[in-house]
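Below, read A as the first sequence line, B as the second, and so on, with proteins coming before strands; counting in each chain starts at 1.
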Amino acid sequence: MENVIEIKNLCKKYDNFELKNVSFNLPKGTIMGFIGENGAGKTTTIKLILNIIKENSGDIKIFGLDKKYDKKIKEDIGVVLDDMFFPEILTPNDINKSMKHMYKNWDTVMFNNYLEEFNLPTNKQIKTFSKGMRKKLEIVTALSHHPKILILDEPTSGLDPIARVEVIDIFQHFIENEECSILLSSHITTDLEHIADYITFINNGEVILSKTKDELLDNYGIVKCSKEEFKKIDKKDYIKYKKNKYEYDVLVSNKKEFRKKYNISVIDKITLDDLMVIMIKGER
Amino acid sequence: MIGFIKKDLAMIKSNFKFLALLIIVYSFMGVLGKMDISFILPFISVLVMISTFSYDAYNKWDAYSATLPDGRKNSVKAKYLSTILLVLVMTILTTILSFIISYFNKSINTEQILITMCGTIAGTLLVLIFMYPVIYKFGIEKARIGMFVGTFGLIIIGGLIITYFDISFSSKVLEFLENYLIIILVITVISLLYISYKISERIVLKKEF
């Protein structure tokens, strides 16, 4: 499968944080959920991909092209950053008038249709918008120049459940064109469980997992066991464990194999939230 | 780049009423013959343009603009061009008003009006020339303090030089300046503008958001 984003050994060093050898690929026509706790390196990685900060080392290729083709690459990328970014004295109309000169493929009709669909006023200043409305406007803007990749940093934060469903529907519709792909960071992992094809998990500046969602949710599991049962488990058969008040939660990467080997029947299906908690808070 | 200019002009459209009010005040004072404030309008238009940096910084627009095609270069180019455009429009407007007012006052001094116009353009663009690279490098808040300290410092240094040194030019120099002042001014301002723009562009191209 062709990759639209290829990241190899990406490093970026700050005084108090370091991104260490981040590598992953985003295949064409897929959605990748990029998860991790606050400060794990999601936004830094996204900023590096977008070339708004410079890496210390490593390679980034988008559509097979490197940074020399920055202008060409950016014509085909739609972006939502984690912070709001439109000057709030502008109106959606002002944004339309400006953006149609910034992107070759800007589609005013599409932009206006989305505004109508999301009930966003065209002539009101953004400062009068709620947080959710601002986010919707950013998403609408990211979509309205027919990008081939959407790079979205927390696009659903601040949205109410109804708006989140609307936005996710739009992402799914966007991906129906198999030329299009999405890299999406989010804290709302239930959204990712619905729409993502791949999950990349970053912790403390390192990618600790990058797999298909199905592989992850089908094969990974949480074994619920007592202290005595836990003591019998070979260290190489689990990834991490977390000690609770009355039992142990043990993260395993192959439920079937584990079940065959040990006589422990309670293996819960994993959610992305469970995975994050046990990977970050768990012990080895 | 046109998109960025449109965005900057859209951001200051709420200030247009204020600028229109200033034009009326200027016309009124001119007709009364009280004082010539023709330089104030272009100067204020630069300050209005500088205020767009505050909006950009507050809303983190710069990071987003860096994600747009050629966004870093175009955003700088647009800031310079929209400021120059606004200064020129305001100066031409006040110059036309100056002619109309002096016609009514029956005191047309074409040379004086044109010299004021050139001086105004040069003076206001100097603010842009020195301020914009500083804003791009250090941010709008620090640049404001810098502008205050810089202006204050220049006035003191200028005052000291005039007070303690006997500065006089030979008649040949004065004659040369008189004949070629406009050309010298135009060449100097355009050269400085270009240098200032290139410095700003370099700062923004290297900047991390």
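- Checked by atom type, the side-chain pair Lys74(A)/Thr67(B) shows no donor-acceptor distance below 3.5 Å.
- For Ile52(A), the parts sitting under 4.5 Å from any heavy atom of chain B are the backbone and the side chain alike.
- Interface summary for chain B: among Ile89(A), Leu50(A), Asp70(A), the most heavy-atom pairs under 4.5 angstrom belong to Ile89(A).
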| CA sep, side-chain torsions, deciding dist, call: Thr91(A), Lys124(A), side chain to side chain donor-acceptor pair (under 3.5 Å) | CA-CA 5 Å; Thr91(A) 65; Lys124(A) 279 194 175 173; over 6 Å; no
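- Only the side chain of Thr141(A) comes within contact range of chain B, judged by heavy atoms closer than 4.5 Å.
- The most heavy-atom pairs under 4.5 Å with chain A, out of Asp8(B), Asp62(B), Leu68(B), come from Leu68(B).
- Per-residue counts of heavy-atom pairs under 4.5 Å with chain A were compared for Leu9(B), Asn59(B), Asn74(B); the largest is that of Asn59(B).
- Heavy-atom distances place the side chain of Lys47(A), and not its backbone, under 4.5 Å from chain B.
- Among the candidates Met102(A), Met84(A), Gln125(A), the residue making the largest number of heavy-atom pairs closer than 4.5 Å to chain B is Met102(A).
- Counting only N and O atoms by type, the side chains of Asp107(A) and His146(A) include a donor and acceptor under 3.5 Å apart.
- Chain A forms more heavy-atom pairs under 4.5 Å with one residue of Lys206(B), Lys73(B), Arg72(B) than with any other, namely Arg72(B).
- A salt bridge does not link Glu178(A) to Lys28(A): none of the charged side-chain nitrogens sits closer than 4.0 Å to a carboxylate oxygen.
- If you check the side chains of Thr44(A) and Tyr14(A), you find no donor sitting under 3.5 Å from an acceptor.
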| task | May I have the step-by-step check of side chain to side chain donor-acceptor pair (under 3.5 Å) for Ser186(A) and Asp191(A), ending in yes or no? | result | CA-CA 8 Å; Ser186(A) 181; Asp191(A) 291 348; 4.8 Å; no
